[in-house]
Amino acid sequence: MRRSSCSTTPISTRRSRAPGRPPCLFHVAREDVRQALAEVHRVLRPGGAFYSSVSRGVGEGWVPGDHAAEIFSTNYPEAEWLERLRAAG
């Protein structure tokens, strides 16, 4: 396990069978998600799988989280999320 950003990882190109970042994209701003998905596409092996998890809905911003800390979250209508995945490759 290594710590990295959603938009840059220490993984070599086409190296990963299943990039592990399902809940991470929930916390990425809309303006940055294209780069994060491009990074997933870069490291994914041909024939590999990508699993993602985002919340359906509209909006983004800071919301109350567990233990009184705020978290940044981005919600997507299903059609928008699917289009972003297609655009990433």
Side-chain angles (χ1 to χ4, degrees):
M1 174 84 50
R2 288 185 179 177
R3 182 178 178 168
S4 64
S5 136
C6 282
S7 59
T8 58
T9 63
I11 301 170
S12 301
T13 299
R14 303 285 185 235
R15 185 81 174 158
S16 181
R17 280 182 259 183
R21 51 180 79 220
C24 173
L25 296 173
F26 176 74
H27 303 292
V28 176
R30 263 187 177 75
E31 66 187 47
D32 299 327
V33 80
R34 186 174 64 86
Q35 177 58 38
L37 290 172
E39 184 66 1
V40 169
H41 186 259
R42 182 188 72 79
V43 303
L44 188 63
R45 282 185 191 174
F50 171 62
Y51 304 94
S52 67
S53 174
V54 295
S55 291
R56 286 186 185 180
V58 179
E60 69 179 347
W62 292 97
V63 297
D66 295 339
H67 311 293
E70 288 190 322
I71 59 171
F72 189 86
S73 67
T74 305
N75 302 319
Y76 292 92
E78 185 175 2
E80 179 185 348
W81 183 245
L82 292 174
E83 180 53 38
R84 288 178 178 268
L85 290 173
R86 281 187 207 99

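What you are looking at is a predicted structure, and each value in this text was computed from that prediction instead of being measured.
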Trp62: hydrophobic cluster co-members (side-chain, 4.5 Å)
Phe72

Which atom of Pro77 lies closest to which atom of Val58, heavy atoms considered
CG-CG2, 4.1 Å

Ignoring hydrogens, what is the shortest heavy-atom contact between Ala38 and Ala88? Give both atom names and the distance.
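That would be N-CB, 4.5 Å.
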
Spacing of [atom1] belonging to [X] relative to [atom2] belonging to [Y], to within rounding of 0.5 Å:
{"X": "His41", "Y": "Leu85", "atom1": "NE2", "atom2": "CG", "result": "11.5 Å"}
{"X": "Asn75", "Y": "Glu80", "atom1": "CG", "atom2": "CD", "result": "10.5 Å"}
{"X": "Ser73", "Y": "Glu60", "atom1": "OG", "atom2": "CD", "result": "8.5 Å"}
{"X": "His27", "Y": "Asp32", "atom1": "NE2", "atom2": "CG", "result": "14.0 Å"}

Tell me, please, which residues at least two apart from Arg34 pass side chain to side chain contact (heavy atoms under 4.5 Å, CB included).
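Side chain to side chain contact (heavy atoms under 4.5 Å, CB included) check on Arg34 returns nothing, list empty.
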
Can you list the residues that meet the salt bridge (Lys or Arg N to Asp or Glu O under 4.0 Å) rule with Glu78, with sequence neighbours excluded?
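Partners of Glu78 by the salt bridge (Lys or Arg N to Asp or Glu O under 4.0 Å) criterion, ordered by chain and then number, come out as Arg56.
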
Side-chain heavy atoms of Leu25 within contact of Tyr76, under 4.5 Å
no

